[in-house]
Amino acid sequence: MDYSRDWNNEIWESLKWLGIASAIAIAAILVIGFLLARFSRWGRPLWRIIGGYFTEPATRVRAWMYFVLLTVLALAGVRVIVLFSYFSRDLFNALQIAAESFAQPGPEGEQLLQQGKDMFWYSMAVFAVLATIHVVRTMVEIYVGAAFEISLRKWMTAGAAADWMEGRAFYRNRFVDLGGVLSRSVLPFRRRTKTSNKVTDIHPGVDNPDQRIQADITNVASVGSGLLWGGGGSSTNGVLTALASIVSFTQILWELSGPVTLFGVEIPRMMMWLVLSYVLLTSIIAFVLGRPLIRLNFWQERLTANFRYALVRVRDGAENIAFYRGEKVEHNGLMARFAEVIKNYWQIVYVSIIFNGWNFVVNQLSVVFPYLVQAPRFFEGQIKLGDMQQTASAFGEMHDALSFFRQNYDTFTGLRASIIRLDGLADADTKSRTMPEISTVDRDRAVRLADIDVKTPSGDELIHALDLSLDPGDALVIKGRSGVGKTTLLRGLAGLWPYIDGEFARPAGNKTLFLSQMPYIPLGDLRTAVAYPALPDDIGDDAIREALEKVFLRHLVDRLYDEEDWAKVLSPGEQQRVAFARILLTRPEAVFMDEATSAVDEGLEHALYKLIRTELPDTIIVSVSHRSTTDQHHTQVLQLSGDGAWTVSPVGAGASPGKQL
């Protein structure tokens, strides 16, 4: 019988095709990927955020294994779809033969009918084998694809989170010039809106790093792998599968295409030129229509994240908002940010309607083209019904493959927006670590400040050439009106404030402790909250209970293992007492406190300072305070004026004796 393929030898032929195609595809991906990573404005940031997954010793073997497996599975899927088109050709040819038998009575008709039946059932057997292979391959592809995405997400999340934390970038990247990051060639557009300063830029520095680390990494891992390899059994929903389909079905369409006379001119292989010219023209138009989606998708991510951040702010500040009865102001602020989200969303809708409407019209028209072109040859008996059916199938696959970039343009824009945001975060983290930082020197049981200059971001001088020395048991209180740089000085000494210069000598590592005005309370049980930044198991429950009792939190000693949002449960005064408990537990040689007793009464303040002096008599204490009652617990006063001038004097001796500018 005249079958379209030698099905008995097809397994060997397909394996040989798969081996050659896989080798060519892997080599092509590597070469093209290298060129894109070196020279394209979106390939460079993409390689920056995922390149380590393929090069680091801990992940590279697994990464390349997934890469090869997914490439082979994707190409195997294309091969199966090609063989399905040949099965379809044999099936419809069998039906045509059976139908022709009815017009020939007698033995010839019976023989023709039997030939059609045999060919039909043989085609069904071929289908059963192909369908089984297709289902198994698809299931394996889904598993391997999911394993790759999970592995890549884990690596990207761990890396991005670590990079965000390294060198305190999570704090210092607020000083990075965001405009400089976004104006690079990787992001060839700017936001033009009158409300951008009020609504779209509510964060200093990099906006919504939490969303970038969670949502954008998820998008890059899942959408990126899907765009490269496709999935779900389709031969045209990935770059690799689309290109492989173009090559495979070009041969089929070339063989089935015949000459067509158009306006008196005979055009050979008309079907091939028709699909190529049709897709080229429609894709160019689609790219023009869909280009605004790059900018709109980027801002959709940012505006949505800002709105969500504002909602979280309301939740975290619920008590203060309720005290102020600020519901109206908060509601107005939320609705203003939500209005920007909706405005952007409508812009996406308008562009998407035009873009998707064009794609829909183009796809519908493409359905009838192969039948219109091949119908004259079929009616003249030049081709069979199966040939015509395979032509339509090959044309459809070719059209879908060639239209892949047109149909997935909006997906590419969303992926590119995520790449830009992740690259922007990595860039800001790197820049934050290159910003100036005070020079620190380890020194046992002593604090020395030499030539310390502190400025504002705009360059205004707050403190100039500060020099002072503190020895074991010394206690310094920093005074001055609001805005003169008291807290800023502590931030600079802690390595948070980049606009500082000079040398800072202090006890090494955790022997120096900085306490903010409102202590940070991590999530978890009370043990974790009190022991922070140490691990509770390293300290022990008995020590934690004893520390709580000493700072007058006896009512909490039986709740060490309670899981609560302790930042909401504990009052500001209780949180500040927890901070003093941390001093007792870590026993630092130097402690710097910023308004650490502002939420407790004067009597409790006196008791807490006396406790520290009793328990840790040699610890150096540096306090920022506006209260005069704090002075009695210190030996020296650093008075700041805010214009660079400063004085150091003994407590109660006035400002004149000490160093002065």
Side-chain angles (χ1 to χ4, degrees), residues 166-177 205 430-517 588-596 619-625 634-650 655 657-661:
E166 184 182 353
R168 295 175 294 276
F170 62 91
Y171 180 88
R172 288 168 61 87
N173 66 19
R174 69 185 59 198
F175 303 110
V176 173
D177 181 9
T430 300
K431 287 187 175 182
S432 72
R433 288 188 286 270
T434 62
M435 299 183 77
E437 187 173 352
I438 193 169
S439 175
T440 57
V441 178
D442 294 340
R443 178 169 296 183
D444 290 337
R445 312 190 69 80
V447 170
R448 301 285 187 270
L449 277 65
D451 271 342
I452 301 295
D453 293 329
V454 181
K455 297 181 180 180
T456 66
S458 60
D460 296 332
E461 196 167 53
L462 295 174
I463 303 173
H464 177 70
L466 175 61
D467 288 289
L468 61 85
S469 298
L470 298 173
D471 296 316
D474 286 348
L476 175 75
V477 60
I478 304 174
K479 311 285 285 187
R481 68 181 188 280
S482 297
V484 298
K486 302 184 299 298
T487 298
T488 303
L489 174 60
L490 261 60
R491 289 174 179 166
L493 297 179
L496 306 181
W497 190 257
Y499 311 104
I500 188 171
D501 192 18
E503 184 178 277
F504 175 39
R506 78 288 181 271
N510 58 10
K511 294 181 180 180
T512 297
L513 182 65
F514 287 86
L515 299 181
S516 58
Q517 183 173 2
E589 294 179 6
V591 59
F592 294 78
M593 298 185 286
D594 183 15
E595 298 281 355
T619 294
I620 298 171
I621 297 176
V622 177
S623 302
V624 170
S625 178
H634 299 80
T635 57
Q636 300 180 69
V637 178
L638 171 62
Q639 188 74 36
L640 303 179
S641 64
D643 56 0
W646 54 273
T647 59
V648 175
S649 60
K659 299 182 180 179
Q660 185 171 358
L661 289 176

**Asked** Is there a salt bridge (charged side-chain N to carboxylate O under 4.0 Å, His left out) between Arg168 and Glu437 once you walk through the steps?
**Response** CA-CA 11 Å; Arg168 295 175 294 276; Glu437 187 173 352; 2.5 Å; yes
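- For Asp460, the salt bridge (Lys or Arg N to Asp or Glu O under 4.0 Å) test picks out no residue, with sequence neighbours left out.
- Side chain to side chain, Thr456 and Ser458 meet the donor-acceptor criterion of an N or O pair below 3.5 Å.
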**Message:** Does Ile438 form a side chain to side chain contact (heavy atoms under 4.5 Å, CB included) with Leu493? I'd like the steps, not just the answer.
**Reply:** CA-CA 7 Å; Ile438 193 169; Leu493 297 179; 3.7 Å; yes
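- In this structure, Arg174 is positioned above the aromatic face of Tyr171, its NZ or CZ under 6.0 Å from the six-membered ring centre and within 45° of the axis.
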**Message:** Please determine whether side chain to side chain contact (heavy atoms under 4.5 Å, CB included) holds for the pair Phe592 and Val447, giving the CA-CA distance in whole Å, both sets of side-chain angles, and the decisive distance to 0.1 Å.
**Reply:** CA-CA 11 Å; Phe592 294 78; Val447 170; 4.2 Å; yes
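- Between the side chain of Asp501 and the backbone N or O of Asp453 there is no donor-acceptor pair closer than 3.5 Å.
- By the side chain to side chain contact (heavy atoms under 4.5 Å, CB included) test, Asp643 is found to be paired with Ser641, Ala645, residues two or more places apart in sequence or in another chain being considered.
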**Item:** From CA spacing to verdict: side chain to side chain contact (heavy atoms under 4.5 Å, CB included), Thr619, Val591
**Value:** CA-CA 7 Å; Thr619 294; Val591 59; 4.0 Å; yes
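- Residues Asp471 and Ala446 come closest through the heavy atom pair OD1-CB, 4.4 Å.
- For Arg445, the salt bridge (Lys or Arg N to Asp or Glu O under 4.0 Å) partners are Glu589, Asp618, not counting sequence neighbours.
- Looking at Arg433, its side chain never comes within 3.5 Å of a backbone N or O of Asn173 through a donor-acceptor pair.
- Nearest heavy atoms, His634 versus Ser623: NE2-OG, 2.8 Å.
- Nearest heavy-atom pair across Asp467 and Asp451 is OD1-N, 3.0 Å.
- Annotation: Lys455, atom NZ; neighbour count of heavy atoms from other residues, nucleotides and ligands within 6.0 Å does not exceed 12.
- Formation of a donor-acceptor pair under 3.5 Å by the Thr635 side chain with backbone atoms of Asp474 is not found in this model.
- Closest of all the heavy-atom pairs between Ser469 and Arg448 is OG-CD, 3.0 Å.
- Side-chain atoms of Trp646 do not come within 3.5 Å of backbone N or O of Leu638 as any donor-acceptor pair.
- Minimum interatomic distance between Gly485 and Leu462 (heavy atoms only, all atoms of both residues): CA-CD1, 4.1 Å.
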**Item:** side chain to side chain contact (heavy atoms under 4.5 Å, CB included) between Leu489 and Leu466, worked out
**Value:** CA-CA 10 Å; Leu489 174 60; Leu466 175 61; 4.1 Å; yes
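- Using a 4.5 Å cut-off on side-chain heavy atoms (C-beta onward), Leu640 and Ile463 make contact.
- For the ring-ring contact (aromatic ring centres under 6.0 Å, His included) condition, the pairs that include at least one residue of residues 470-500, sequence neighbours left out, are Phe175-Trp497, Phe175-Tyr499, Trp497-Tyr499.
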Under 3.5 Å, which donor-acceptor pairs do the side chains of residues 503-517 form with other protein atoms, sequence neighbours left out?
| residue | atom | partner | partner atom | Å |
| --- | --- | --- | --- | --- |
| Arg506 | NH1 | Asp442 | OD1 | 2.6 |
| Thr512 | OG1 | Pro507 | O | 2.6 |
| Ser516 | OG | Met518 | O | 3.1 |
| Gln517 | NE2 | Ser598 | OG | 3.0 |

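- Annotation: salt bridge (charged side-chain N to carboxylate O under 4.0 Å, His left out) contacts involving residues 481-496, sequence neighbours excluded, are absent.
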